[in-house]
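Single-structure report; data block below.
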Amino acid sequence: MMAGLQRRLRLGMVGGGRDAFIGAVHRIAARLDDRWELVAGALASEPERARASAADLRLAPDRGYDSFAAMAQAEAAREDGIDAVAIVTPNNVHHPAARAFLEAGIHVICDKPLTATLAEAEDLAALARERKLIFGVTYNYTGYPMVRQAREMVAGGLLGQIRVVQVEYPQDWLSTPLEASGNKQAAWRTDPARSGPAGCLGDIGSHAANLTAFVSGLRCEAVAADLSRCVAGRQVADNGKLLRLFAGGARGMLWASQVAPGNENGLRLRIYGTEAGLDWAQEHPNQLRHTRLGEVSQTLSRGGPGLGPAAGRATRIPNGHPEGYLEAFAQLYTDLAEQVAARLENRPPDPAALLVPTVEDGLQGMRFTAAVLASADAGSAWTPV
């Protein structure tokens, strides 16, 4: 339990009902460090399924809502109303749902990408600034201990001047027209009306772009993008290759694909500077490869010696015991809990809890995606972000 606050924070959820994938992940993450308790939800767009999903999760009958609008209004009026809401819907619902809770004065935790369009993202960022509310975006890979270790090493100058940034995120699950088979996840993620126009670049490429910015600290200034629809009849891109130019002169590439057989969740980041390089892969997240120029590569391990405080704060179990996806997700919820608790107690938050991506990071992700789409439409022309 958080020091000073003698209760768990009250969490609401929009989306994430029966048959949903990411909602369950958010709920596990929120509970892992015992900081949050789910007390309310508008868990599906159909009222009957919303109520059934609320019963599944043992929510009080009067706190299982038929719509997010009704939930925002009712929870804002309760003395024991929610402290924050998690939005875990398809992308097209992010904007109206987040706006409803911001207008009600409630902090927001939103799955990525921030919205389906850049205009929607700009609107949410402006409203969050105006209302001065906490708005976290769950780019969950930023919660891994060794990702935070990499960020700390880059910020400490251990790589020297950054020259090259390579990131890739290949998967294979959409190598066939799975959306035509009734698969719910495939159906909405390949539907531009629900996911937005960016396809794999919005779904997983947004993670790759955010991870690059989080670790390197570099701002992407321009992109040259080639997007393709490899599966016949698909409405959005399922493979994308980008050249990127960063502030300060560093260059790099980003590859995102959901049609790469043999790849499950192959997010990998490599950063090379004048003094050293770093290599991290999500499927082996507890190790970070560090190579100083002219020296033998060193593998740093989560929980092991020689790591900085950022990695230590995000580590829960001893070295050698696998720790990964759910724990990284949980780190964002734990950091956000500290931010919300600090507001309730009228004190500054622990600075170490401020690494969670914000609505501004989400907005930058949407600006990046808009530039990618514009570049692809212009025949891969260099396009400013």
Side-chain angles (χ1 to χ4, degrees), residues 3 29 32-35 138-169 207-219 246 248 250 252 265-339 349-357 361:
L32 190 62
D33 288 336
D34 203 27
R35 302 295 180 90
T138 52
Y139 288 111
N140 56 291
Y141 300 110
T142 62
Y144 278 105
M146 300 314 289
V147 166
R148 295 189 172 191
Q149 172 69 20
R151 173 191 170 102
E152 198 169 77
M153 293 171 74
V154 172
L158 296 186
L159 272 65
Q161 182 178 353
I162 304 301
R163 291 171 168 169
V164 180
V165 180
Q166 300 285 106
V167 65
E168 62 182 54
Y169 199 157
H207 272 303
N210 175 264
L211 183 67
T212 300
F214 182 81
V215 174
S216 74
L218 299 177
R219 180 172 57 85
F246 296 91
N265 204 56
L267 177 60
R268 183 183 182 188
L269 175 66
R270 288 168 286 175
I271 302 180
Y272 304 106
T274 54
E275 303 296 328
L278 291 175
D279 186 348
W280 180 82
Q282 191 277 150
E283 292 182 341
H284 305 281
N286 293 307
Q287 284 78 44
L288 175 67
R289 189 166 177 249
H290 174 223
T291 308
R292 291 190 58 81
L293 184 64
E295 298 181 10
V296 175
S297 295
Q298 178 186 16
T299 299
L300 304 177
S301 293
R302 181 203 52 77
L307 303 186
R313 187 176 189 276
T315 296
R316 291 165 180 78
I317 55 179
N319 189 21
H321 296 77
E323 186 172 13
Y325 181 76
L326 291 172
E327 291 87 350
F329 229 116
Q331 190 59 44
L332 300 192
Y333 269 93
T334 297
D335 289 341
L336 286 164
E338 164 59 15
Q339 294 181 37
D350 181 347
L354 301 179
L355 293 181
V356 180
D361 297 302

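For the single chain, residues carry numbers from 1 onward in sequence order.
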Could you pull out the closest heavy-atom pair between [X] and [Y], with the gap in Å?
{"X": "Arg302", "Y": "Asn286", "answer": "NE-OD1, 2.6 Å"}
{"X": "Gln287", "Y": "Trp280", "answer": "O-CD1, 3.4 Å"}
{"X": "Ala250", "Y": "Leu218", "answer": "CB-CD1, 3.9 Å"}
{"X": "Tyr144", "Y": "Pro285", "answer": "CE2-CB, 3.4 Å"}
{"X": "Ile317", "Y": "Pro322", "answer": "CD1-O, 3.4 Å"}
{"X": "Ala314", "Y": "Pro145", "answer": "O-CG, 3.2 Å"}

Keeping [X] on the side-chain end and [Y] on the backbone end, is there a donor-acceptor pair under 3.5 Å?
{"X": "Asp350", "Y": "Ala352", "value": "yes"}
{"X": "Gln149", "Y": "Ala310", "value": "no"}
{"X": "Arg148", "Y": "Thr142", "value": "yes"}
{"X": "Gln339", "Y": "Ala353", "value": "yes"}

Cut-off 3.5 Å, no hydrogens considered: what does the side-chain donor-acceptor table look like for residues 326-333, sequence neighbours left out?
{"residue": "Glu327", "atom": "OE1", "partner": "Gly324", "partner atom": "N", "Å": "2.9"}
{"residue": "Gln331", "atom": "OE1", "partner": "Arg316", "partner atom": "NH1", "Å": "3.4"}
{"residue": "Gln331", "atom": "OE1", "partner": "Arg316", "partner atom": "NH2", "Å": "2.9"}
{"residue": "Gln331", "atom": "NE2", "partner": "Asp335", "partner atom": "OD1", "Å": "3.1"}
{"residue": "Tyr333", "atom": "OH", "partner": "His26", "partner atom": "ND1", "Å": "2.7"}

With heavy-atom distances below 4.5 Å as the criterion, would you say the side chains of [X] and [Y] are in contact?
{"X": "Thr212", "Y": "Leu269", "result": "yes"}
{"X": "Arg270", "Y": "Asp279", "result": "yes"}
{"X": "Tyr325", "Y": "Asn140", "result": "yes"}
{"X": "Leu307", "Y": "Leu300", "result": "yes"}
{"X": "Thr299", "Y": "His284", "result": "no"}
{"X": "Glu152", "Y": "Pro309", "result": "yes"}

Inset, instruction - Please report the C-alpha distance between Gln282 and Tyr169 in whole Å, then the side-chain angles of each, then the deciding distance to 0.1 Å, and finally whether the side-chain hydrogen bond (donor to acceptor under 3.5 Å, both in side chains) criterion is met. - result: CA-CA 9 Å; Gln282 191 277 150; Tyr169 199 157; 5.7 Å; no
Legend entry - Distance, nearest 0.5 Å, that separates CE of Met146 from CE of Met153: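 Interatomic distance, Met146 CE to Met153 CE, rounded to 0.5 Å: 8.0 Å.
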Inset, instruction - Report the distance from atom OH of Tyr141 to atom CG of Asn210, rounding to the nearest 0.5 Å. - result: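 Going from OH on Tyr141 over to CG on Asn210, the span is 11.5 Å.
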For residues 157-168, which side-chain N or O atoms pair as donor and acceptor with protein atoms under 3.5 Å away, sequence neighbours left out?
{"residue": "Gln166", "atom": "OE1", "partner": "Met253", "partner atom": "N", "Å": "3.3"}

Inset, instruction - Applying side-chain contact (heavy atoms from CB on, under 4.5 Å), run through Leu355 and Phe214 and close with a yes or a no. - result: CA-CA 9 Å; Leu355 293 181; Phe214 182 81; 4.2 Å; yes
Inset, instruction - For Arg289, enumerate each residue passing the side chain to side chain donor-acceptor pair (under 3.5 Å) test, keeping only those at least two apart in sequence or located in another chain. - result: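 Checked Arg289 against side chain to side chain donor-acceptor pair (under 3.5 Å); matches are Ser297.
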